[in-house]
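Presented below is the structure to which this report refers.
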Amino acid sequence: MDNERFNMSLRKFLKHVGLTSQQELERVVREQKLEGKGFLKVKMVLTANGTDLKHEVDDEIDLG
C-alpha cells in the first residue's frame, strides 16, 4: 500500500465530509429556525462497503 497516496485520499474524503456536513447542518438550523433553541442531537455513521466497519459518533451541537 502506498501510504502517502492513501493518506491524501483519506484527507480529501474527510475534508469533503466535514465541509458538506457543516453546510447541511447550517442549512437545517437556518431553515427550521433552530438558532438559540438549546442543543441539536446529531449522529454520524461511517460505513465502508465490503467491510464490517460501522463507526458511530453521537454528540450535541449548541445552538446558542
Listed partners of R5 passing side-chain contact (heavy atoms from CB on, under 4.5 Å), at least two apart: D2
side-chain contact (heavy atoms from CB on, under 4.5 Å) filter on S21, not counting sequence neighbours, yields V17, M44
Hphob cluster co-occupancy, V57 + L40, side-chain heavy atoms under 4.5 angstrom: no
Residues forming a side-chain contact (heavy atoms from CB on, under 4.5 Å) with Q32, sequence neighbours excluded: V28, L34
Under 4.5 Å between side-chain heavy atoms, counting indirect links through other Ile/Leu/Val/Met/Phe/Trp/Tyr residues: same cluster for L46 and L10 or not? yes
side-chain hydrogen bond (donor to acceptor under 3.5 Å, both in side chains) contacts touching residues 50-64 (sequence neighbours left out): K43-E56, K54-E56
Salt bridge (Lys or Arg N to Asp or Glu O under 4.0 Å) contacts in which one or both residues fall within residues 12-27, not counting sequence neighbours: E24-R27, R27-E31
